[in-house]
Amino acid sequence: MSALAADAIEVYRTATRNNRMGMWLFFFSELFLFGGLLITRFALWVDEDGHIIRPELDQNVGLIVTVVLLASSYFMNRSEVAIANGRKRDFLVSLWITGFLGVVFLLGVVIFEWGLIHLPFVEHHIGPTDGVFGAVIFGMTGMHAIHVITGVAFIVVVWRNGKRDVYTEERHWGVEACAIYWHYVDLVWIFFYPAIYLIGHAVH
Amino acid sequence: MLMQLGLTRGLIYQAAGTVLGMVVTMVWRLLAGMPLWDQEVVFVVGGLVGGFAFMWGVGAIDDWLEWCRGKATPLVHGPPRDKPAWTRYFSTDYNHKVIGIQYSVTSLLMLMIGGSFALIFRAELAQADLQFLGMGMYNKLIGLHGWAVIAAILLGVGGMANYLVPLMIGAEDMAFPRLNAFAFWINVPGGLLLLASAFLGGFDAGWTAYPPLSTQGSVGYQFLFLAIYFVGLSSILGSLNLLVTILTMRPKGMDLFRIPIFCWAVLATSLIQLTATQAIGTAFLMGLSERALGMGFFDPEGGGNPILFQHIFWFYSHPAVYVFVLPGLGIISELLPVFSRKPLFGYRWIALSSLAIALVGFLVWGHHMFTSGYSPYLRVPFMVATLLVAVPTGVKFFSWVATMWGGRLRFPTPMLFTLGAISVFLLGGLTGPILATVASDLYLHDTYFVVGHFHATLFGGFVFPFCAAIYFWFPKITGRMYNEALGKLHFYIMTPAFWLMSIGQMTVGTMGMRRRIVDYDPTLGGGLVEARHLETTIAAFLIGLSILIMIYNLVTSAEIGVRAPANPWRSRSPEWQIPSPVPEHSFAAPLQVVGEPYDYGLEEEYVVMDESQAGHAQAH
C-alpha cells in the first residue's frame, strides 16, 4: 500500500470518528427537544385532581403505525449490515422497504391520526385547535413527523447514491448516519406512542 | 463586485424567498377556501422560507447539496482565486479564523445596534414625565435592546471560541468546517428577522415573551420566535462542532487537563448550548404555533398553562447566562497568568468549576419564577440550588486572586480590562444571592435592582472580557499593535461609567423603581430616583462613547499600527508560537506537548513543533 493511500485511510478514519461523535451529540441535543414535548404532555394532560389523562383515540391507528415504524427499523438494520458485507442488492432492497414503510407511517399519521385528508370511512378527529389535547397531539406527532420526513429524504439520497456505487464495504458513513438517524426517530416514537395513546385514563 | 459577495446574494435570495413564501401561502389559502390574508401564517412561512433561501444564496449549503448528489467536495484552502482577498469575509469561507472574525465583527455591530436602542430609551428615562418617546415605542425598544444584545453576546462567544479553540489546541481547523460556516451564516437571517420585527409592531410585551400577552401581542412576536429559532440553531450546531473539536482534535500528549483553560470554559459552555437551547426552541415553537395555528398550549381556556411556558423558557434562559459569562471568565483565567508571570492557581479547580457552574445551572431556573404563583414548595429547593452557584464561582475568584498574589504584574490594556471584568463581575455576583433568596426577591422582583444585577454580570462576564480578548489577540489577528493610549482611554472611561450606571440602576431599584416602565413619579425616593436616573443616562452615553473609541482604535490600528512581534505578551499558549498574522495553515508542523500550559517562570516550553513531521498537515 502506498503512503498516500494509507494516509487517505487515516483521514477517512478520523473523519468518521468525528462524524460519529457529532451525530451522537446531535441526538443528545434532540433529546431535550423531545423531552420538552414529553414534559409538556405530562404537565398539560392532567385533570383537576392531578390524575394523568389522555384523549379517546383510535387505538388501531396507533398500534398499526407503531408496528410499521418498528418494522422499518428492522429493514434499516438489514440494509446497513448488507452494505457492510458488500451485498449491494440486499442493501438497496432493504433500504427501499425502509423508506416505503416510513411513507406508510407518515400517511397513517396524516390521514388516520390527523384526519387532514377527509375520507368517508374515517371518523371525526381531534383538530389542532381542540384545547390541550389537540395542541399536544399535533405538537408531538408533528415534530416527530418532521423528523420522519427528513429521514425519508435522507433514505432517498442514500438510495440514489447507493445505486451509483458511492458506498463500499469499508466506506459507508452515509449509510451508517442514515441508519442511526432512522433508529433514533424510531426510538423517539417508542416513547411518544405510550405517552399519547396508552398512559392515563381516557376522557372524552 | 458587490454581486460577487455571498452576503449580497444571500440577502437578495432572502428577500425573494420571503416574498415567495408569503405568496405561496396566500395562494394555498385561497385554494383551500380560506381567507387570503392571515398575517400570522403568511409572515411565518415567509420568514422561514426567506431564512433558508439566504443560506442557499450565501452558499453555505453548496457542498452538502453536492454530497447529496454523491460527489465529494475537497476543502479549498486560502482566499478566493479570482477575487480580492477581503471578499472572503463576506462570503462562505471554511477557515475557522475567518469565521471567528465574521462572528466577532457581527457581534460588535449587533452590540452597537442593541446599545443604541438602550441609549434612546435611557435618554427618555433621564427625567420624569414623557419627553419624546411614546409608551408603545418605549416597550418596542426595550424588547429589541434585550434580544439584539443577547444575539450579539452569543455571536461574540462564538467568535472567541471559533477563532481561539483550534489555535489553542493546535488543530488545523474545526472538526466540521462546513457546519461551522453554516452555524455562522444562519445568524444573519436570524438577526435580520429580529430587527425586522420592529416594523411589524416589535415584541412589546417584553423580551421574555410570556404568554398570554405574547400570544395576543403584535405579529412582531412571530419574527422574534423565528429569529431565535435560527440563532438557536447556530448555538446548537456551533457548540456541537466545538465539543467534537476539543474532544478529538488535540495533539499527542495534550490530555484534557493540559488544554488552555479557555477551552475548558468553551467545553462547559458548549454543553449548555447543545442541550438547553432546544428548550427555548420548544417554548418558542409552541408560542408560534399557538398564534399561527390556534394550538392552545398556554391558553387556560382549553386547559393550557401559561406557567409551563415560563418553566421551559427559563430552563434555557437561565443556563444561557452561563453561556454568556463562562467564556468571559475563561478569558480572565487565560490572561491573568500571562500578565502576572505566574502559574494559574488551581488549574483543575478552575476547569472543573466551569463544569460545575454549567451543571448546577440546569437546576436553578425556578428562581426567575418566585412570584409567578407556582407551588411554594418549589421555592426553597430552587433558592438553595441558586445559592450553590456561588461556590464554584467563588473558587474562580479565589484562584484569580491567588494567581495575581505576589506576581510581577504588568498593566497593558488587556490586563486592565481583565481586572475591570473581575471588579464588575464581583458586583454582579454579590447581588446575585440577594435575588436568589426568596424573601428579598419577593420585594426586589421586577425592579431596577434586577436590571442592575444582570447588567453587572453580563458586563463583567462578557463585555469587559470580550474587550480584553479583542485587545489581547488583536496583534495575532492583524499583525499590528493597537494604540495603547486610546485603549487605556477606553478603559478609563468605560469602567467608572459602568460602575456609576450599575450602582445607579440598583439604587433606584431598591427605592421602588419598576423595570420596563417608561415613566416614574418625580417624587419617588424623595427626588433621588430622578437624580440617579440622570446619572445613569450620562454614564450610559459615556459607555457608548468609549465603545466608539475602541472601534476607531481597532480600525485605524489595523491599517497604521506598529508591526507586532509574534509574541508581544510572552505567552506560552500555542497560538503565540506561530507568526502574526496567523498564516492560512496555522501550524507548519504538528504540535507536541512537553510541559504545562501555565508554568510561567519555568524554562521549559508548553508546546514545541514536531519539525520532522513538517508539511504533514498540508498533505490533507
Side-chain angles (χ1 to χ4, degrees), chain A residues 3-4 7-8 10-11 14-15 17-48 53 127-139 142-143 153-154 156-158 160-167 174, chain B residues 64-65 67-72 174-176 179 232-233 235-237 239-245 247-249 270-271 273-283 285-286 289-290 292-305 307-309 311-313 315-316 362 616 619-620:
Chain A
L4 205 65
D7 236 25
E10 188 56 40
V11 168
T14 313
R17 185 195 59 188
N18 287 354
N19 287 341
R20 206 169 276 149
M21 183 186 271
M23 201 75 187
W24 283 101
L25 284 175
F26 175 69
F27 293 153
F28 185 56
S29 170
E30 293 268 279
L31 205 65
F32 282 72
L33 166 66
F34 294 117
L37 288 170
L38 274 175
I39 285 167
T40 306
R41 178 257 179 261
F42 286 102
L44 292 183
W45 287 7
V46 285
D47 61 13
E48 284 85 10
I53 53 172
T129 53
D130 293 339
V132 279
F133 282 153
V136 171
I137 288 177
F138 275 76
M143 190 42 93
F154 204 161
V156 170
V157 166
V158 170
R160 240 175 113 234
N161 287 342
K163 271 190 80 148
R164 295 177 186 164
D165 293 326
V166 170
Y167 308 113
Chain B
W64 291 339
L65 292 177
W67 293 3
C68 288
R69 298 172 61 215
K71 290 186 186 138
M174 298 280 279
F176 309 114
L179 191 70
L233 192 60
S235 283
I236 292 169
L237 299 177
S239 60
L240 184 155
N241 207 342
L242 285 162
L243 279 172
V244 177
T245 306
L247 291 178
T248 68
M249 301 189 61
S270 298
L271 275 176
Q273 281 189 298
L274 181 73
T275 54
T277 311
Q278 294 279 8
I280 197 170
T282 313
L285 192 63
M286 289 197 275
S289 46
E290 174 147 358
L293 305 171
M295 291 162 71
F297 288 105
F298 309 124
D299 180 11
E301 212 160 90
N305 185 355
I307 302 292
L308 178 70
F309 177 91
H311 278 294
I312 305 179
F313 176 83
F315 185 79
Y316 165 74
F362 277 101
H616 183 82
H620 302 158

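Each chain gets a letter, A, B and so on, in the order the sequences are listed, and its residues count up from 1. As a basis for the values below, the full set of heavy atoms in this structure was taken, side chains included, without hydrogen atoms, waters or symmetry mates. Being a predicted model, the structure only gives us computed values, none of them experimental.
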Legend entry - When E30(A), E10(A), R160(A) are compared by non-hydrogen pairs under 4.5 Å with chain B, the top option: E30(A)
Legend entry - Residue selection (most heavy-atom pairs with chain B, distance under 4.5 Å) from A43(A), G36(A), G22(A): G22(A)
Legend entry - Side-chain (S29(A)) to main-chain (L274(B)) donor-acceptor, under 3.5 angstrom: yes
Inset, instruction - Identify the two heavy atoms, one from R17(A) and one from T248(B), that lie closest to each other, and give their separation to 0.1 Å. - result: NH2-O, 3.3 Å
Legend entry - Residue part contacting chain A, namely of L247(B), when any heavy atom lies under 4.5 Å: side chain
Legend entry - Contact summary for A135(A) and G296(B), nearest pair of heavy atoms: CB-N, 3.5 Å
Inset, instruction - With the side chain counted from C-beta on, respond yes when H311(B) and I39(A) share a heavy-atom pair under 4.5 Å apart, and no when they do not. - result: no
Legend entry - Value rounded to 0.5 Å, distance of CE in M286(B) from OG1 in T40(A): 3.5 Å
Legend entry - F138(A) vs L293(B) side-chain heavy atoms within contact, under 4.5 Å: no
Legend entry - Side-chain touch F26(A)/L240(B), heavy atoms, less than 4.5 angstrom: yes
Inset, instruction - Check whether any side-chain heavy atom of F315(B) lies under 4.5 Å from a side-chain heavy atom of F32(A), and answer yes or no. - result: yes
Legend entry - L44(A) side chain near N305(B) side chain, heavy-atom distance below 4.5 Å: yes
Inset, instruction - Heavy-atom distances under 4.5 Å only: say whether T275(B) touches chain A with side chain, backbone, both or neither. - result: both
Legend entry - Pairwise side-chain contact, N18(A) with M249(B), heavy-atom cut-off 4.5 Å (strictly under): yes
Legend entry - Over all atoms of both residues, closest heavy-atom pair of L25(A) and L243(B): CD1-CB, 3.7 Å
Inset, instruction - Go through the atoms of V166(A) and report whether side chain, backbone, both or neither lie under 4.5 Å from a heavy atom of chain B. - result: side chain
Legend entry - More than 12 heavy atoms of other groups within 6.0 Å of F28(A) CZ: no
Legend entry - Polar side-chain atom of R69(B) near backbone of V157(A) as donor-acceptor pair, under 3.5 Å: no
Inset, instruction - Name the region of T14(A), side chain, backbone, both or neither, that has any atom closer than 4.5 Å to a heavy atom of chain B. - result: neither
Inset, instruction - Give the member of L31(A), V136(A), V158(A), L33(A) that has the highest number of heavy-atom pairs under 4.5 Å with chain B. - result: L33(A)
Legend entry - Heavy-atom pair with the smallest gap, counting every atom of W67(B) and N161(A): O-ND2, 3.4 Å
Legend entry - Side chain proximity check, F176(B) to N19(A), heavy atoms < 4.5 angstrom: yes
Inset, instruction - Considering only heavy atoms and a distance below 4.5 Å, find which of Q273(B), Q278(B), E301(B) pairs most often with chain A. - result: Q278(B)
Legend entry - Atom CH2 of W64(B): over 12 foreign heavy atoms under 6.0 Å: yes
